[in-house]
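Everything on this sheet refers to the single structure shown next.
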Amino acid sequence: MSSSILTPAKATLSFRVSQVPVRYAGRKPEASGDPKKDLIRRILYPSNLRNKPTPVGTWRPEVGHLLQRAIPSKQAHETIERAWNLHLRHTRWKREAELARKFECMRKAMEELEKIDSKLYMGANKVEDPRVWTAAELEKSSQLRGAEKRAFDWRIRGLFPRELRLPTDTPSRNGWDYQWKPLGESV
Amino acid sequence: MWVRNALSSCRRHPRGPFHPFSRSLATEASTSSPVAPPESSLPQTSHPKTSQRLPITTAIILNRSPLITRTPSLFERAYYAYQARIQRALHNPFPYEFWFKEGSPLETRFRVEDMKRERKAFGKPFGMPATDAEGNVVGPTYEDIGLQEEDEESMPRTHAVDTQGDVKSLDRKGQRNLYLLIKAKSGEEGEEIWKFPEGGLQKGELLHEAAARDLTAVCGPYMDTWIVSRKPIGVYNPPSSSSENSKSFTFFCKAHILAGQVRIDKKHVLDFAWLTKQEMESRLETDYWLGVKDILSDF
């Protein structure tokens with residue numbers, strides 16, 4: 001981090017210098033022992049002699065100067081923050097409105113289903129416990145091997161599959177897998 | 001506890017005593033009279049008579065989720081850069097000796113890159129390498145680490161098929177949600193319309209099971225799909241033109257495609273496409289679109 005402020009501030013600083021109360025004074029480093037431990041000790045417990053800034057932030061004299069350079073003004077900063085919060089609020093409303101629309105569709109569908117056929121309705125409302133495996137599933141899993149076993153185990157009833165990927169910043173090198181074959185038809 | 005709440009929220013208010021079996025019997029009796037065939041021209045596999053008893057069609061909304069994150073807007077990028085500048089001004093001095101070995105090439109590289117970031121954040125007098133009395137540069141410069149740049153090149157965010165406009169490709173529009181649409185002949189007139197893959201319901205089958213079976217029947221088994229839930233996410237009843245007062249219902253089930261591609265037999269299904277919500281509007285019939293648009297994701 002550079003403290004390369006070439007021109008000293010002419011006006012008196014209106015920012016309080018960042019200070020943290022400390023109890024230990026500057027001391028000679030203990031030359032004996034593990035250099036790594038000494039390094040860690042030096043980083044975590046710097047001297048409080050207030051002659052230069054430290055990584056833990058016990059004394060930062062140049063914060064005022066740097067902040068003056070980083071932000072245009074207090075009012076401008078507040079305006080930017082308010083604009084950002086407004087933007088967040090609008091995206092949140094859009095997201096919530098979309099979810100509300102989708103939920104309303106789902107609710108109407110369930111309402112219609114209840115009116116039409118109550119067996120289907122009860123079947124749709126049944127909650128599956130992802131922890132429970134039926135005897136048939138256990139037996140099938142014990143008989144499969146390798147990629148087939150993995151493909152079967154990764155599909156737990158009532159839980160999302162492991163193949164469901166999160167979006168990344170850039171797509172994968174191989175692109176979409178168009179050559180997928182179902183179980184039992186390998187290669 | 002939440003199960004009971006979910007169930008009660010799906011019921012109408014106020015609640016009387018619940019009679020499941022009487023209602024289902026009533027439904028079966030009324031639909032045993034001749035009923036117009038459901039809105040699908042797809043092959044009914046084993047029991048054509050029983051599947052036409054209930055006026056229910058199951059359709060699948062097969063979704064390819066976004067592959068890459070959304071591009072931040074101009075305002076978001078500017079705000080993130082502004083916040084990064086403030087953080088750079090206020091954060092504590094970086095403990096080089098803790099993170100890097102003294103004088104190692106990695107430290108040199110980090111110092112040079114950090115100077116560049118500082119220059120970018122604050123402008124020219126900041127982040128310039130220090131010079132001694134004669135004006136010669138002291139310390140490492142960009143040229144020192146130039147030949148060590150061996151970063152792996154990441155793939156570009158837009159794929160080749162984005163420019164070609166190939167609507168069958170699953171690499172297209174990585175940021176968006178893509179949905180599968182099928183072009184099939186509908187009804188007796190035989191006109192070709194676009195719609196979601198659908199099929200009838202067999203006796204004793206639940207909605208999500210029927211949806212899975214219909215999907216493999218229409219689109220082939222060469223897709224790794226996952227049906228999200230037993231519950232349908234939407235319902236569509238077309239404005240019925242038939243004289244009987246039987247309405248047909250299409251229940252939509254949501255599924256994700258994880259790998260593979262659609263393989264259609266050209267006899268019943270003529271064409272398929274993976275489209276975003278906005279692209280679908282022009283292809284679907286107006287009634288169908290209005291019934292379906294709230295189920296889909298906007299982006």
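First the proteins, then the strands, lettered A, B, ... as listed; each starts at 1.
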Tell me the closest heavy-atom pair linking [X] and [Y], and the distance in Å.
{"X": "Arg230(B)", "Y": "Gly123(A)", "value": "NH1-O, 2.8 Å"}
{"X": "Pro171(A)", "Y": "Arg157(B)", "value": "CD-CA, 4.1 Å"}
{"X": "Pro221(B)", "Y": "Trp180(A)", "value": "O-CZ3, 3.6 Å"}
{"X": "Ile295(B)", "Y": "Lys102(A)", "value": "O-CE, 3.6 Å"}
{"X": "Pro232(B)", "Y": "Ala124(A)", "value": "CD-CB, 4.3 Å"}
{"X": "Glu98(A)", "Y": "Leu296(B)", "value": "OE2-O, 4.5 Å"}

Would you say Trp99(B) has more than 12 foreign heavy atoms packed within less than 6.0 Å of its CH2?
->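 No - once you tally the heavy atoms of other residues, nucleotides and ligands closer than 6.0 Å, there are 12 at most.
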When you look at CZ of Phe160(A), are more than 12 heavy atoms from neighbouring residues, nucleotides or ligands closer to it than 6.0 Å?
->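 No - once you tally the heavy atoms of other residues, nucleotides and ligands closer than 6.0 Å, there are 12 at most.
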Mind checking whether [X] and [Y] have side chains closer than 4.5 Å, heavy atoms only?
{"X": "Trp176(A)", "Y": "Val161(B)", "result": "no"}
{"X": "Ser169(B)", "Y": "Tyr178(A)", "result": "yes"}
{"X": "Leu90(B)", "Y": "Leu67(A)", "result": "yes"}

What part of [X] gets within 4.5 angstrom of chain B, counting heavy atoms only: side chain, backbone, both, or neither?
{"X": "Leu99(A)", "value": "neither"}
{"X": "Leu164(A)", "value": "both"}
{"X": "Leu159(A)", "value": "backbone"}
{"X": "Glu104(A)", "value": "neither"}

Residue, of Arg85(B), Glu205(B), Gln175(B), that accumulates the most heavy atom pairs under 4.5 Å with chain A |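 Highest number of heavy-atom pairs under 4.5 Å: Arg85(B).
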Residue, of His159(B), His256(B), Glu76(B), that accumulates the most heavy atom pairs under 4.5 Å with chain A =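 Among His159(B), His256(B), Glu76(B), the one with the most close pairs to chain A is Glu76(B).
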Heavy-atom pairs under 4.5 Å with chain B, option from [options] with the top count:
{"options": "Lys94(A), His77(A), Gln179(A)", "value": "His77(A)"}
{"options": "Ser172(A), Ala70(A), Pro167(A)", "value": "Pro167(A)"}
{"options": "Thr168(A), Asp177(A), Thr170(A)", "value": "Thr168(A)"}

Quick check on [X] against chain A: is it the side chain, the backbone, both or neither that has a heavy atom closer than 4.5 Å?
{"X": "Met128(B)", "result": "neither"}
{"X": "Ser297(B)", "result": "both"}
{"X": "Arg70(B)", "result": "neither"}
{"X": "Thr225(B)", "result": "backbone"}
{"X": "Ile227(B)", "result": "neither"}

Give, for atom [atom1] of [X] and atom [atom2] of [Y], the distance between the pair rounded to the nearest 0.5 Å.
{"X": "Leu39(A)", "Y": "Phe98(B)", "atom1": "CG", "atom2": "CZ", "result": "6.5 Å"}
{"X": "His208(B)", "Y": "Leu120(A)", "atom1": "NE2", "atom2": "CG", "result": "11.0 Å"}
{"X": "Arg165(A)", "Y": "Leu258(B)", "atom1": "CZ", "atom2": "CG", "result": "11.0 Å"}
{"X": "Gln83(B)", "Y": "Ile71(A)", "atom1": "CD", "atom2": "CD1", "result": "10.5 Å"}
{"X": "Tyr82(B)", "Y": "Trp84(A)", "atom1": "OH", "atom2": "CH2", "result": "13.0 Å"}
{"X": "Leu166(A)", "Y": "Ile68(B)", "atom1": "CG", "atom2": "CD1", "result": "14.0 Å"}

Name the orientation class of the two ring planes belonging to Phe75(B) and His87(A) (parallel below 30°, tilted from 30 to 60°, perpendicular beyond 60°).
->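 Perpendicular.
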Would you find a donor on one side and an acceptor on the other, under 3.5 Å apart, between the side chain of Tyr79(B) and the backbone of Ala83(A)?
->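 No, Tyr79(B) side chain to Ala83(A) backbone: no donor-acceptor pair under 3.5 Å.
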Does Asp294(B) come within less than 4.0 Å of Lys108(A), counting only side-chain N to carboxylate O?
->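 No salt bridge links Asp294(B) with Lys108(A).
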